[in-house]
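Inspection log for the structure reproduced underneath, given as structure tokens.
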Amino acid sequence: MPCPTIKILMQEFDLEIDDFRWYCSLRITDDLLAMLNEPRQLSDQIWSGALGDQLYRFDERYIEELDGRISQGTLEESKARELMAEVRAARRRRFANRPAF
């Protein structure tokens with residue numbers, strides 16, 4: 001049986017594009033913070049437009065990439081499900097740190 005698409009897994013895990021946007025934002029933030037000791041590298045990323053290119057539709061492109069890997073057979077269903085669980089956990093942490101109104 002083929003692995004379900006990312007959109008199907010998103011529904012199963014009750015995830016939305018915004019949850020992936022948050023998850024990807026966390027990953028990008030980690031990458032940028034890793035450049036703290038290399039400010040020139042970060043400046044080059046910004047100046048060259050590479051950072052802007054990376055941020056353009058980053059959430060949608062990530063989902064498309066995952067779907068492509070599933071259809072090519074390079075992403076196993078168990079790994080896709082682990083990723084969905086990570087995205088869901090990131091969402092939980094995101095809203096757990098917000099004050100109640």
Side-chain angles (χ1 to χ4, degrees):
M1 176 186 233
C3 182
T5 65
I6 293 299
K7 297 236 185 247
I8 290 171
L9 289 173
M10 286 173 65
Q11 290 173 349
E12 183 180 324
F13 281 77
D14 192 31
L15 296 171
E16 298 177 9
I17 189 77
D18 192 54
D19 300 319
F20 270 85
R21 189 174 299 120
W22 179 253
Y23 177 78
C24 290
S25 295
L26 292 173
R27 293 179 54 197
I28 291 169
T29 299
D30 286 343
D31 291 345
L32 293 173
L33 288 173
M35 291 185 215
L36 274 177
N37 294 327
E38 298 290 334
R40 176 63 188 246
Q41 184 181 2
L42 180 56
S43 294
D44 285 344
Q45 288 280 318
I46 295 167
W47 171 81
S48 70
L51 181 59
D53 291 346
Q54 181 182 3
L55 295 175
Y56 178 72
R57 292 184 54 242
F58 64 95
D59 48 349
E60 296 169 12
R61 288 186 306 146
Y62 186 63
I63 291 171
E64 290 167 3
E65 174 193 330
L66 293 173
D67 261 334
R69 290 179 55 203
I70 285 174
S71 62
Q72 294 170 357
T74 60
L75 178 62
E76 297 176 5
E77 183 174 349
S78 62
K79 294 294 183 190
R81 289 181 178 283
E82 285 176 22
L83 175 64
M84 295 297 134
E86 285 179 32
V87 173
R88 187 171 53 190
R91 178 185 63 193
R92 238 182 273 124
R93 287 188 305 272
R94 173 184 180 199
F95 291 110
N97 296 327
R98 289 190 175 193
F101 291 101

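Keep in mind it's a predicted model, so treat the numbers as computed, not measured.
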Checklist entry - What side chain to side chain donor-acceptor pair (under 3.5 Å) pairs are there with at least one residue in residues 28-43, not counting sequence neighbours? => result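 Passing the test, one end in residues 28-43: Arg40-Asp44.
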Just jot down the side chain to side chain donor-acceptor pair (under 3.5 Å) partners of [X], sequence neighbours excluded, or say none.
| X | answer |
| --- | --- |
| Asp19 | Arg91 |
| Arg21 | Asp18, Asp59 |
| Glu60 | Arg57 |

Next on the checklist: Is it the case that over 12 heavy atoms from other parts of the model lie below 6.0 angstrom from the CD atom of Glu76?
Outcome noted: no
Item to check | Over 12 foreign heavy atoms within 6.0 Å of CD, Glu82 | outcome: yes
Checklist entry - Who pairs with Glu12 by salt bridge (Lys or Arg N to Asp or Glu O under 4.0 Å), at least two apart in sequence or on another chain? => result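 Here the qualifying residues are Arg81.
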Next on the checklist: Could you list the cluster mates of Leu75? Members are the ILVMFWY residues connected by side-chain heavy atoms closer than 4.5 Å, either directly or through other members.
Outcome noted: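 Reading the cluster by chain and number, Leu75 sits alongside Ile6, Leu9, Met10, Phe13, Leu15, Ile17, Phe20, Tyr23, Tyr62, Ile63, Leu66, Ile70, Leu83, Met84, Val87.
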Checklist entry - Going only through I, L, V, M, F, W and Y residues with side-chain contacts under 4.5 Å, is there a path from Ile28 to Ile46? => result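 Result: yes, single cluster for both.
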Checklist entry - Is it the case that one hydrophobic cluster holds both Leu26 and Leu32, taking links as side-chain heavy atoms less than 4.5 Å apart, direct or via other members? => result no
Checklist entry - Is the backbone of Gln54 close enough, under 3.5 Å, to the side chain of Arg61 for a donor and an acceptor to pair up by distance? => result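 Yes, because the side chain of Arg61 sits within donor-acceptor range (under 3.5 Å) of the backbone of Gln54.
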